[in-house]
J.: 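Once you've had a glance at the structure underneath, I'll fire off some questions.
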Amino acid sequence: MTRFRALYGAGPLNLLALLASFAIAGAAVVGWFQRPRDVVSVLVWFAAAIVLHDLVLLPLYSLLDRIAFGVAGKRLRGARRPDVSGLVNPTPYLRIPAILSGLLLAVFFPVIGGFGAQTELSASGIPESGYLARWLLATGVIFAASAIAYALAIARAGGPPATAGPPPGTAGPPPGTAGPPATPDPGPDQVLVDPRPAAPDQDQAAPSDGAAPTPTPD
Amino acid sequence: MRLPGVDPNRPPPGPFRPDFWRSPLRGRWLTSVLGLILLIGIPIVAITGLISNVAYQPLLGANSIGTNLSPLDLYVFTWPTRPVWLYALTEGLHVTIGLALFPVLLAKLWSVFPRLFEWPPVRSPAHALERISLVLLVGSAMFEFLSGIFVTQFYYPFPFFFTSAHYFGAWVFIGAFGAHVALKFGTMRRGLRTRGDVMEAAGSGAALEPGPVSLTAVSPGPVTMSRRVLLGTVGAGSLLLLVQGAAGAIGGPFRFLSLFGPHTNPGSGPLDFPITETAAAAQITPASVGDAWRLEVVGKQTLRFSREQLLAMPQHTYDLPVACTEGWSTTQRWTGVRLRDLATLAGVHEAATVTSDSVQPAGYVVTLGSEQVADEQSLLALRVNGIDLSLDHGFPARVISPAVPGTHCTKWVSGMQFSPVPA
């Protein structure tokens, strides 16, 4: 047994589970071959699905998030002015509706963009125009809900956003969308860390960007 | 195990370096929570998907997609006719839960994404096999989710036959998912218990996990949202998609919530309910369904009926759903002749299946089982909601049968053949 572990790198059950899954996958691939003309396109789409997610979708939304809400994005926008949000950190109130709207677009882009339009019109008799408007409307409603939540959070925090000072409360997520108020992620409130690993935390004095602003260490 | 040319201690630059990954949110607890949700949800989607295949009664006539994994599949039961909403429920669940899990799947993949670039790429034979299995898992998951999501929107960007590809892709997914659960269940359980530690260490760069690669960032960036807010956002996204699926599946007064449902019909008249295929799409010509139309019923003898003759037979009315494979369904009041009455007229008194065809030029051959034929609610419908069928709803006559997929309720029926089931 120890010899098996040393050679294989895990226990025999690990090997059995993996072999079973490969056997099932193999049977399925044989099934695909029952439609020989489809096999190549199925395998291409199988690979494309991985590439689409791992090398396109995920990097794309990470990049968009970084541009919109990240440190680099702030620099890009030259946003060095004082944080006027004051008591309540606005980031979640922008980021969450953006994620939800983007999710709707990612899932329903075929109807929103009318890519299935030909089939759709002839198939169900209902034109697809209007789905773009519906998505925009849904996006508007989501952002409006977030704006209301933000206004309420500011009101709860006790005053208009222009007041600067030590934040007394934590920024909760919009009610109804994000569960209970955010608990702070403990640990040093590393604010505006340069993305380069070697860079020191030269921006410690800047206001917190965190979901749960706490007084900066210095 | 050492790979030639790979120095385990000197990863290439970029994503292969642990300090490339900076989100303070990643960590074992987050991944475990998302994994637990998928562990509960994926089996529902998988089983309802296999049930859908059973509902198509692939062992009858030409119903089969030409393919099945008989030893693995759920052919242990014949598809029942009760409750009448059974297929509406199982397919509604399949589509709706599938939609709702998609954001969770995306979040789960994001949470473990650094692992794709772990260094060294292979540590042992076990590790190599597991990584191959993960290629199958991620590939089949994205393949299944994307193809399913596309097809519910009538979007066919791929040349292959969806039903067959989706079915076998599901088996790749089920196999890889099972292995993943077997390998990672313990890790997930431990991960769920680490919540306090993880929360404490978030942002501090402490690597909590044993093993070569931690999910926790070694040099995390600023905390811009908590894990709870992230989970809440994923949950809100799931809820949004759940509503989209459920509103279409439940229909009725809730259908307006199905913003992106491809079958939203704005009217409220007796014929304003969703359809999948118009008469125009099926290339139904007025002549083919005009006065010259006859229904040919084949049994021990062959009979031909005009629509007037069918209307002169005993009529029965039932409220039955049309449940589409795309997940939506709509319940309407159908009136017509019982299939079993037609079978009797054709001289078939014993249990029989029925194979129906359509006047559409491409043909539309579907077989229903003897349970369906024997059921009193299985009709050749001539009217709906008190008025004649419209052309788009299948005029002059369509099949409607309890709990069968909508695609098996042939419209514009031209012929029905009743075949006795060998005892």
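The chains referred to below are lettered A, B, ... by the order of the sequence lines, with proteins before strands, and numbering in each begins at 1.
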J.: Test B:Leu259 against A:Phe108 for side chain to side chain contact (heavy atoms under 4.5 Å, CB included), laying out the working first.
T.: CA-CA 10 Å; B:Leu259 291 179; A:Phe108 294 111; over 6 Å; no

J.: Which residue, B:Ile149, B:Thr152, B:Leu240, forms the side chain to side chain contact (heavy atoms under 4.5 Å, CB included) with A:Val107?
T.: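 Of the listed residues B:Ile149, B:Thr152, B:Leu240, the side chain to side chain contact (heavy atoms under 4.5 Å, CB included) partner of A:Val107 is B:Ile149.
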
J.: I want to check something: taking the side chain as every heavy atom from C-beta on, are A:Ile24 and B:Ile174 in contact at a cut-off of under 4.5 Å?
T.: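 Heavy-atom side-chain distance check fails, nothing below 4.5 Å.
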
J.: Can you tell which part of A:Phe109 gets under 4.5 Å to a heavy atom of chain B, answering side chain, backbone, both or neither?
T.: both

J.: Quick one: of B:Leu146, B:Leu183, B:Val138, who has the most non-hydrogen atom pairs under 4.5 Å with chain A?
T.: B:Leu183

J.: Which one wins on heavy-atom pair count under 4.5 Å against chain B: A:Ala25, A:Ser41, A:Ala17?
T.: A:Ser41

J.: Quick check for you: to the nearest 0.5 Å, what is the distance between B:Ser124 atom OG and A:Arg5 atom CZ?
T.: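 Here the interatomic distance stands at 11.0 Å.
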
J.: Using non-hydrogen atoms and a 4.5 Å limit, figure out which bit of A:Leu137 sits close to chain B: side chain, backbone, both or neither.
T.: neither

J.: Does any heavy atom of chain A fall under 4.5 Å from the side chain of B:Gln244, the backbone, both, or neither of them?
T.: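 Side chain only.
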
J.: With only heavy atoms counted, which part of B:Phe102 is less than 4.5 Å from chain A, the side chain, the backbone, both or neither?
T.: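 Contact with chain A: side chain only.
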
J.: If I measure from the heavy atoms of chain B, does A:Leu104 come under 4.5 Å with its side chain, its backbone, both, or neither?
T.: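 For A:Leu104, side-chain heavy atoms alone lie under 4.5 Å from chain B.
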
J.: Checking B:Leu241 against chain A: side chain, backbone, both or neither under 4.5 Å from a heavy atom?
T.: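 Side chain only.
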
J.: Tell me, side chain or backbone of B:Ala182 under 4.5 Å from chain A's heavy atoms, or both, or neither?
T.: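 For B:Ala182, side-chain heavy atoms alone lie under 4.5 Å from chain A.
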
J.: Using heavy-atom distances under 4.5 Å, tell me whether A:Arg37 contacts chain B through its side chain, its backbone, both, or neither.
T.: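 For A:Arg37, there is no contact with chain B at all, as no heavy atom is under 4.5 Å.
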
J.: With only heavy atoms counted, which part of B:Leu116 is less than 4.5 Å from chain A, the side chain, the backbone, both or neither?
T.: side chain

J.: Hey, which of A:Ala49, A:Ala47, A:Gly26 has the most heavy atom pairs under 4.5 Å with chain B?
T.: A:Ala49

J.: Side chain, backbone, both or neither: which part of B:Leu137 has an atom under 4.5 Å from a heavy atom of chain A?
T.: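 No part of it gets close to chain A.
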
J.: Any idea which heavy atoms bring A:Ala28 and B:Val172 closest together, and the distance?
T.: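 That closest heavy-atom pairing would be CB-CG2, 3.6 Å.
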
J.: With rounding to the nearest 0.5 angstrom, report the CG to CD1 distance, B:Leu230 to A:Ile99.
T.: 7.0 Å

J.: In terms of heavy-atom pairs under 4.5 Å, which option from B:Ala179, B:Gly139, B:Ser147 contacts chain A the most?
T.: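 Top option by heavy-atom pairs under 4.5 Å: B:Gly139.
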
J.: Can you tell me which of B:Pro157, B:Ala170, B:Gly178, B:Ser23 forms the most heavy-atom pairs within a distance under 4.5 Å of chain A?
T.: B:Pro157

J.: Could you tell me which non-hydrogen atom of A:Asn14 sits nearest to which non-hydrogen atom of B:Ala126, and how far apart they are?
T.: OD1-CB, 4.1 Å

J.: As an exercise: rank B:Arg17, B:Glu144, B:His180, B:Met142 by heavy-atom pairs under 4.5 Å with chain A and give me the winner.
T.: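 Top count of heavy-atom pairs under 4.5 Å with chain A: B:Met142.
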
J.: Counting only non-hydrogen atoms closer than 4.5 Å, does A:Ala10 touch chain B with its backbone (N, CA, C, O), its side chain (CB onward), both, or neither?
T.: both

J.: How long is the gap from CG on A:Leu43 to CZ on B:Phe160, to the nearest 0.5 Å?
T.: 10.0 Å

J.: Please classify the contact between B:Ser140 and chain A as side chain, backbone, both or neither, with a heavy-atom cut-off of under 4.5 Å.
T.: both

J.: So, does B:Gln153 use its side chain to make a donor-acceptor pair with the main chain of A:Ile112 at under 3.5 Å?
T.: no

J.: Locate the shortest heavy-atom distance separating A:Asp54 from B:Phe113; write the atom from each residue and the value.
T.: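 Reported closest heavy-atom pair: O-CZ, 3.2 Å.
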
J.: Given the rule in the side chain to side chain contact (heavy atoms under 4.5 Å, CB included) test, do B:Phe158 and A:Val44 qualify, once you have shown the distances and angles that lead to the verdict?
T.: CA-CA 10 Å; B:Phe158 32 73; A:Val44 165; over 6 Å; no

J.: In terms of heavy-atom proximity below 4.5 Å to chain A, should B:Phe177 be classed as side chain, backbone, both, or neither?
T.: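 Neither part, no heavy atoms under 4.5 Å.
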
J.: Examine whether an atom of B:Val135 lies under 4.5 Å from a heavy atom of chain A, and if so say whether it belongs to the side chain, the backbone or both; otherwise answer neither.
T.: both

J.: Side chain, backbone, both or neither: which part of A:Leu52 has an atom under 4.5 Å from a heavy atom of chain B?
T.: side chain

J.: Over all heavy atoms of both residues, which pair between A:Leu18 and B:Ser133 is shortest? Give the atoms and the distance, please.
T.: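 So the minimum-distance heavy-atom pair works out to CD2-CB, 3.5 Å.
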
J.: So, taking the atom named CG in A:Asp38 and the one named CZ in B:Phe168, what distance separates them when rounded to the nearest 0.5 Å?
T.: 11.0 Å

J.: Just say parallel, tilted or perpendicular for the rings of A:Phe46 and B:Phe143, cut-offs at 30° and 60°.
T.: tilted

